[in-house]
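Step one of this worksheet: look at the structure below.
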Protein chains: 2
Amino acid sequence: MQDPMKLDDLICFAVYTASHALNRVYKPLLDTLGLTYPQYLAMVALWEQDGQTVGGLGEKLFLESSTLTPLLKRLESAGYIRRERSSEDERVVVIRLSEEGSRLKEKAIGIPGCIVEASGRDAANLTRLQAEIVALREALNKSGTHG
Amino acid sequence: MQDPMKLDDLICFAVYTASHALNRVYKPLLDTLGLTYPQYLAMVALWEQDGQTVGGLGEKLFLESSTLTPLLKRLESAGYIRRERSSEDERVVVIRLSEEGSRLKEKAIGIPGCIVEASGRDAANLTRLQAEIVALREALNKSGTHG
DNA sequence: TCGACATATATCGCGCGATAAATAATCGGA
DNA sequence: TCCGATTATTTATCGCGCGATATATGTCGA
């Protein structure tokens, strides 16, 4: 039997380094928008559906509110979003895109295409891989909650 | 044509969240070893081949010396490694496992199996996915160096 | 042998991300 | 009305990751 502890055979190492590689491709693109990678993902979530709550965003992005709150504050001080307490339920904070935040989507619209190109694969191939990675994520998340 | 800006369709989002999911599975396991995730990967690289240089490790792990040096210093102060300047070339720093660092492998040996189990897949399936993710990483890295 | 350039690592500064734990405010039901 | 649950914020801590720069050493050629 082979050594189970080979770096290049670890799925975690593959994902870890792929994540960095993606980050490096994204960085120059996101720099022009003044966004970090997680901030970009939060903006994508908001472009998709404006007016989400902090908790709702956290569920989508798999982030805790203690991570999200400072991140959202940075987006607010950058002028891309507003944070408003809901009048119906004062515990809840609703995130709304500002004009500038909405407009930013136009500048970002080409980014996913750049990534597809950099991946050197066609869209269908990438979609299939993406679905497999999501399945892995789901299995891992499930294993955590079960014990 | 569909909106290219859907969160759940972005490969980057899949990788980003899968990386987090992995991290959460690893965390309790690594806590018992006193290692962080990147530190664990550095140790795996060293268990595989002791006596590597800082630069060599950086190439394997895709990390700059400005990231690696502090990380290795933390491993050194934890007592897992030693950092020794090469006598042949005084510019080079060679990393060697301490006794304790070598022994740590025994405590870590079960971890990859835990991850496989948490993934809910058989080893062959996981190996195939892992290879695909590596291929993605390689393509992305290549795209960066080419321009 | 000297000087210019290359290489290997370290240092510094920066900001962010992530977590845990404590706090506060609010909601809703018994 | 009170108590547990929910939602978000705050605080403190830590490490990662990068770019730019510094330092020391090595190398090669004139």
Side-chain angles (χ1 to χ4, degrees), chain A residues 12-13 15-28 30-31 34-43 52-59 61-78 81-95 144, chain B residues 12-13 16-17 19-28 30-31 33-43 52-78 81-95 144:
Chain A
C12 70
F13 180 62
V15 172
Y16 171 80
T17 53
S19 182
H20 284 183
L22 275 166
N23 227 319
R24 284 169 198 139
V25 175
Y26 269 103
K27 180 118 192 3
L30 295 182
D31 279 351
L35 295 176
T36 67
Y37 194 71
Q39 287 168 11
Y40 166 71
L41 295 174
M43 291 299 290
Q52 294 186 74
T53 67
V54 172
L57 277 171
E59 263 185 61
L61 300 170
F62 301 92
L63 295 176
E64 304 297 317
S65 73
S66 50
T67 299
L68 219 36
T69 294
L71 186 155
L72 293 171
K73 283 190 172 181
R74 285 187 281 272
L75 286 178
E76 185 180 40
S77 60
I81 63 166
R82 289 191 305 276
R83 296 159 60 245
E84 303 167 355
R85 238 162 235 287
S86 163
S87 51
E88 300 152 18
D89 184 340
E90 296 262 340
R91 294 170 302 181
V92 169
V93 169
V94 174
I95 309 298
Chain B
C12 72
F13 180 62
Y16 173 78
T17 53
S19 183
H20 284 183
L22 275 166
N23 229 317
R24 282 171 199 136
V25 175
Y26 268 103
K27 182 126 194 352
L30 294 182
D31 279 351
L33 308 183
L35 295 175
T36 67
Y37 194 70
Q39 286 169 10
Y40 166 72
L41 294 174
M43 291 299 290
Q52 294 185 75
T53 67
V54 172
L57 278 171
E59 264 185 60
K60 273 200 184 169
L61 300 169
F62 301 93
L63 294 176
E64 305 296 317
S65 76
S66 50
T67 300
L68 216 37
T69 295
L71 185 153
L72 292 171
K73 284 190 172 181
R74 283 186 283 271
L75 286 178
E76 185 181 40
S77 60
I81 64 167
R82 289 190 305 276
R83 296 158 60 243
E84 303 168 355
R85 237 162 235 288
S86 162
S87 51
E88 301 152 15
D89 185 341
E90 296 263 338
R91 293 170 304 180
V92 169
V93 169
V94 174
I95 308 298

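Chain letters run A, B, ... following the sequence lines, proteins first and then strands; every chain starts at 1. These figures come from a predicted structure and were not determined experimentally.
A donor-acceptor contact shorter than 3.5 Å links the side chain of B:Tyr37 to the backbone of A:Cys12.
For B:Phe13, there are no ring-ring contact (aromatic ring centres under 6.0 Å, His included) partners, not counting sequence neighbours. Remark: A:Thr67 engages A:Leu63, A:Glu64 in a side-chain contact (heavy atoms from CB on, under 4.5 Å) (not counting sequence neighbours). Qualifying salt bridge (Lys or Arg N to Asp or Glu O under 4.0 Å) partners for A:Glu84, counting only residues two or more places apart in sequence or in other chains: A:Arg82, A:Arg96. Partners of B:Arg91 according to the side chain to side chain donor-acceptor pair (under 3.5 Å) rule, which considers only residues two or more places apart in sequence or in another chain, are B:Asp89. The ring-ring contact (aromatic ring centres under 6.0 Å, His included) search around B:Tyr40 returns B:Tyr26, not counting sequence neighbours.
B:Lys27 contributes atom NZ, which lies 11.5 Å from atom CG of B:Leu35 (distance to the nearest 0.5 angstrom).
With a 4.5 Å cut-off on side-chain heavy atoms, B:Pro38 and B:Leu71 count as touching. A:Thr36 has its side chain out of reach of A:Leu30: every pair of non-hydrogen atoms, C-beta onward, lies at least 4.5 Å apart.
The salt bridge (charged side-chain N to carboxylate O under 4.0 Å, His left out) contacts involving residues 67-76 of chain A comprise A:Glu76-A:Arg83, where partners must be two or more places apart or lie in separate chains.
Recorded end-axis angle for the helix from C:dT1-D:dA30 to C:dA30-D:dT1 stands at 10°, based on five pairs per end and rounded to 10 degrees.
Among the protein residues, B:Thr36 comes within range of the sugar-phosphate backbone only, with heavy atoms under 4.0 Å from sugar or phosphate atoms but none that close to a base. Residue A:Tyr16 is classed as a sugar-phosphate contact, given heavy-atom separations below 4.0 Å to backbone atoms only.
A nucleotide of DNA chain C counts as in contact with chain A when one of its atoms lies under 4.0 Å from a heavy atom; the first and last such, 5' to 3', are C:dC16 to C:dC27.
Of the two residues contacting DNA chain C, namely A:Glu88 and A:Leu63, the nearest-nucleotide position lying further toward the 5' end is that of A:Leu63.
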Expected string for nucleotides 4-12 of chain D under the B/S/- scheme (protein heavy atoms, under 4.0 Å, primed atoms plus P, OP1, OP2 as sugar-phosphate) is --BSBBB--
